[in-house]
2 protein chains.
Amino acid sequence: MAITIKDVAKMAGVSISTVSRVLNNSKPVSEDIRERVEQVIKETGYVPNPVARSLVMRKSRIIGVIVPNISNGRIGEYLSGIEEVGRMYQYDLFLCNSYGELKEEMKYVELLRSKQVAGMVFLSWKLQEKVVDLIKESKIPTVFVSKNTEEFEDIHSVGVDHFHAAYDMTNHLIGLGHKKIAFLRTSIEDDIQDSTVFKGYAKAHSDNGLDISMNYVLQGDASSDSGYHLAKQLIEMREGRPTAIFASSDEAAAGALGAAIDTGLKVPDDISIAGYANTAITSLIRPALTTIHQPLYDIGAVSMRSLIKNIEGAQDVPETIRLAYSIVERSTTRALREDEK
Amino acid sequence: MAITIKDVAKMAGVSISTVSRVLNNSKPVSEDIRERVEQVIKETGYVPNPVARSLVMRKSRIIGVIVPNISNGRIGEYLSGIEEVGRMYQYDLFLCNSYGELKEEMKYVELLRSKQVAGMVFLSWKLQEKVVDLIKESKIPTVFVSKNTEEFEDIHSVGVDHFHAAYDMTNHLIGLGHKKIAFLRTSIEDDIQDSTVFKGYAKAHSDNGLDISMNYVLQGDASSDSGYHLAKQLIEMREGRPTAIFASSDEAAAGALGAAIDTGLKVPDDISIAGYANTAITSLIRPALTTIHQPLYDIGAVSMRSLIKNIEGAQDVPETIRLAYSIVERSTTRALREDEK
DNA sequence: ATGAAAGCGCTAACAT
DNA sequence: ATGTTAGCGCTTTCAT
C-alpha cells in the first residue's frame, strides 16, 4: 500500500487536517509544524491520491480531449500543442477518439462529465448542434476547434478564419490566371452551402466575376486516397480539364499530386495543386506543396491555455480567438501564360 | 448535482447495496427488485461515479499510454489500434507525451501510478533500464513497444523482430547487387553496437562476406530533416557514393528522397532508397517508397488486448509477441546492372 | 493555529 | 436475498 495522508500525519505528530493545509496552502500553519510535515513528506515521498481528491473536490486536473482521428497528422500537431501547455499547468489529458461520429462524440462528452474532468478540448471535422448543446448543458468549460465554429453562438473557439483562408487561396489561384479551379471537398455536409471553406472558394469566384462550375466541385474526404481518386476523375475529363486543384486538406492534395504524377502530368507545368493546413507532409513531398499555413501547434496550445484560464478564473466569457494563416507558395502552383488562360 | 447511488436507492425503495449489486452483478438480486432498480436507473439516466469507484476499488478502468511523440505518424497508427481495442473493452486512455526523454517517462510512470491506472502501454524510441525497473517495481501491468525490447528480461512486449527486419532489408538490397549501402541511424545509442537495427544491417553484410564502412553509417534522428541532411552528405561524397540508402525511419527515407530529387538525382536510377515501417507517407510520396511493412495498427491493438488480458486474468506471464513484417518493394529501389556493381 | 468530524459516492464484509 | 456499516484518502467546516 502506498503511503497516505494519515501516515504522514501520524509520523509528523499532527492531524490530517494540518497535513492537508500544508499540502494545499489553504490555511496558515505555523512555521515549525509546516517544516516538520514537509520533512516527512519528503522522506516518505508521499504523493496525495488524486482520485480521493477528485472525489471530494468534484473536480480533477484532467482535461478531456476529444479528437476525430488520432492518427491524422493535423490532429497530431494540435495535440502536441495541447499536451505541451497542459503539462505546463499540470493538467493531464484524457484522450477520446470519436472517429468524427456524432454518436461517439456524445458518448464521450457524457463519459468525461462522469469523470469530472475540469474541462474539454473538442476537436471535430464538423461541429454538430447536438453535441454543442449537450456540452453547453453540461456546463463543463470547453474550447472548440473546428472549421465551422462560427455557425454557433456563445462558444469558445480557437482557430483560423477558414472562410478568408479559402478565399485568399482561391483568389491567389485566380490571380495566377487560373479560371478552371477544381475544389476537393473533404467534409460531408448536408448542404454544400454550409461549408465555410466552400463559401470562401465561391466568394473569391464571384468577386472576380467568375462562375463556378459544380463539375469542378468534388466530394470526398480528407484522405490521400480520396484526393487521388477525385483528381484522377478531374484529370481524365475530356474537355475543360481544370488548370488547378484546390484541396481542402493537405493529404488530399498530396493524393492529387500522386494522381497527376502517375498519369504522366507534370506539376505545376500541366496542372497546379494547392493544399490546406501546411502539415508536415507538404514540405516532404516533391514537388513541395503550395498550401495555406495554419499554426496547428499554436492553435492547440492557445486553446488549451485559454481553456485553463477559463477553468481557473471561473470566468465564462465566450471568446473567439483567430490566429493568423498565410499562403505558402511552394512548387505545385504556377502562373498561367497568356495563351493558357 | 448529478444523481447518486443513494438517490437511486431511495427512489427504488431499496438499500444502496442492492443498487450496487444490480450495477455490478456481484450478488444475486431477486428478479422484481432488479427490474425496479433498473427501471429507476433508466429513468434517471444514472451513471455510477467512476472516481468514487476507483477510490474504493483502488483501480480504475484507465490505461495510461506513454508515447514519445504524439504528432509522429507511426505513433498515431499505434494509438489508433490501442484506442480501438481499449474502447472495445471499455477502458479509457490517459495520454502522456514523454518526448522520448527518460525524465519525463519516469515522471509519467509515477503519475500514472498515483492515478491508479489499471495498466500501461509504454511506447518508446529506445527503452532505458531505469524506467523498466521503475515499472517493474510499480507492479502495474505494462506492455512495451520499442525497438530494443529484447534487451530486457521478463517484460511483456509486442512488436516486430527488428533485427531480422533490418537483416532482411539489407539482404534484399545486397541481393539487388548493392554493395555500398548507407545506413541512416535514427536513434541515439551510447554505443552503436547496441542498436538492434544496426545489428541486422551489419549481420547481413558479414553473412554476404561484405565489410561495412562506417563512412556510410550516419547518425541522425527519425525526422525527415535529418534524413534530408544526412542524405545530402552522402550524395556529395566525391568518390564511393553509396548506391543505396537504408534509413531506419520512413520519414528519414522520405527526407533522403527529397535530397536526391533536389540535387538532381533520379531515384531509383541513380540511387536506391529504403525506409522503415510502412507509414502512410510511403505510398503518398513519388516515387513510392520501398520499405519494411510493420503492422503498426495491429501492434497497438494486440498490445492493448494482451495488456487487458493480463489485467483481467491477473496473470503475469511475460510474453513476447512478434508480429510478421514484410519487405514492400515499391519504386525507390532497383537492381544494379552488372557494370554498376 | 490546530484538531475532530463529517462527508464526497461507492464497494464489500458482515449481519439479518 | 437484502440491509447496515465501515471504510477508500482526501478537503473542509466547525470547534477549540
Side-chain angles (χ1 to χ4, degrees), chain A residues 1-38 40-41 44-62 90 92 110-118, chain B residues 1-38 40-41 44-62 90 92 110-118:
Chain A
M1 259 322 289
I3 184 161
T4 75
I5 196 172
K6 239 187 212 162
D7 304 318
V8 176
K10 199 176 294 171
M11 292 176 73
V14 296
S15 74
I16 59 167
S17 344
T18 304
V19 177
S20 173
R21 278 165 200 140
V22 343
L23 242 32
N24 304 295
N25 257 310
S26 46
K27 288 218 170 174
V29 174
S30 69
E31 201 44 49
D32 49 337
I33 290 200
R34 146 165 274 119
E35 271 173 24
R36 212 161 67 225
V37 172
E38 279 170 346
V40 174
I41 290 177
T44 56
Y46 164 70
V47 180
N49 181 330
V51 177
R53 225 176 210 174
S54 302
L55 183 61
V56 47
M57 310 253 290
R58 295 192 170 73
K59 203 179 211 182
S60 65
R61 288 190 80 82
I62 299 178
Q90 319 246 55
D92 304 312
E110 293 289 10
L111 178 70
L112 292 175
R113 163 143 68 167
S114 77
K115 297 278 179 202
Q116 285 156 205
V117 296
Chain B
M1 257 325 289
I3 184 161
T4 76
I5 196 172
K6 240 187 210 159
D7 304 318
V8 176
K10 198 177 295 171
M11 293 176 73
V14 296
S15 75
I16 59 166
S17 350
T18 304
V19 178
S20 174
R21 278 166 201 139
V22 342
L23 242 32
N24 304 295
N25 258 309
S26 46
K27 289 219 171 171
V29 174
S30 70
E31 202 42 49
D32 51 335
I33 291 202
R34 148 166 274 118
E35 270 174 23
R36 211 161 69 222
V37 172
E38 279 171 345
V40 174
I41 290 178
T44 55
Y46 164 70
V47 180
N49 181 329
V51 177
R53 231 177 204 170
S54 301
L55 182 60
V56 47
M57 312 251 292
R58 294 189 168 75
K59 201 180 213 183
S60 64
R61 288 191 79 81
I62 300 179
Q90 319 247 54
D92 304 311
E110 293 289 11
L111 178 70
L112 292 175
R113 163 143 70 167
S114 78
K115 298 278 179 202
Q116 286 156 203
V117 296

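All of these numbers come straight from a predicted model, not from anything done at the bench. In the text below, chain A, chain B and the rest are named by the order of the sequence lines, each starting its count at 1.
A:E38 is linked by a side chain to side chain contact (heavy atoms under 4.5 Å, CB included) to A:V22, A:R34, counting only residues two or more places apart in sequence or in another chain.
Between A:Y46 and B:D32, the residue anchored closer to the 5' end of DNA chain D is B:D32, taking for each the nucleotide with the nearest heavy atom.
Atom NZ in A:K27 sits roughly 14 Å away from atom P in D:dT11 (whole-Å rounding). Following rounding to the nearest Å, A:R21 (CZ) and C:dG3 (C1') show an atom-to-atom distance of 7 Å. Summarising the geometry, the separation between CD on A:E31 and P on C:dT2 is reported as 10 Å, rounded to the nearest angstrom. Going from atom CD of B:E35 over to atom C1' of D:dT2 covers 17 Å, rounded to whole Å. Atom pair B:L23:CG and C:dC10:P shows a separation of 8 Å (rounding to whole Å applied). Distance A:L55 CG to C:dT11 P: 12 Å, rounded to the nearest Å. We find that CG of A:N24 is positioned 7 Å from C1' of D:dT11, with the value rounded to whole Å. Between the CD1 atom of B:I16 and the C1' atom of C:dA12 there is a distance of 11 Å, given to the nearest Å.
In this structure, A:S60 and A:V117 approach most closely via the heavy-atom pair OG-CA, 3.6 Å. Annotation for B:S15 and B:A9: closest pair C-CB, 3.8 Å, computed over non-hydrogen atoms. Nearest heavy atoms, A:V40 versus A:A12: CG2-CB, 3.8 Å. Here the closest non-hydrogen pair linking A:P50 and B:K115 is CB-NZ, 3.7 Å.
For residues 6-15 of chain A, proximity to DNA chain D is found at A:K6, defined as any non-hydrogen atom under 4.0 angstrom from a strand atom.
For the side chain to side chain contact (heavy atoms under 4.5 Å, CB included) with B:P48, the qualifying choice from B:V8, B:L23, B:V19 is B:L23, the only one to do so.
Residue B:V29 is in sugar-phosphate contact alone, with no base atom involved, counting any heavy-atom pair closer than 4.0 Å across all strands shown. Across all strands, B:I33 comes closer than 4.0 Å only to sugar-phosphate atoms, never to a base (heavy-atom distances).
Between A:T18 and C:dT2, a side-chain N or O to OP1/OP2 separation shorter than 4.0 Å is absent. Phosphate contact (OP1/OP2 of C:dC8, side-chain N/O of B:N49, threshold under 4.0 Å): absent. Regarding contacts with the backbone of C:dG9, every side-chain N or O of B:R53 stays at 4.0 angstrom or more from both OP1 and OP2. A close approach under 4.0 Å does occur between a side-chain nitrogen or oxygen of B:R58 and OP1 or OP2 of D:dG9.
Evaluation of atom-type donor-acceptor distances gives a pair under 3.5 Å for the side chain of B:S17 against the base of D:dT4.
Here the CD1 atom belonging to A:I3 is positioned 4.0 Å from the OG1 atom belonging to A:T44, to the nearest 0.5 angstrom.
Counted by atom type alone, A:S20 and A:S17 present zero donor-acceptor pairs between their side chains at under 3.5 Å.
In the set C:dC14, C:dT2, C:dT11, C:dT2 carries the atom at the smallest distance from any side-chain atom of A:S30. Out of C:dT11, C:dA5, D:dC10, the shortest distance to the side chain of A:A52 is found at D:dC10.
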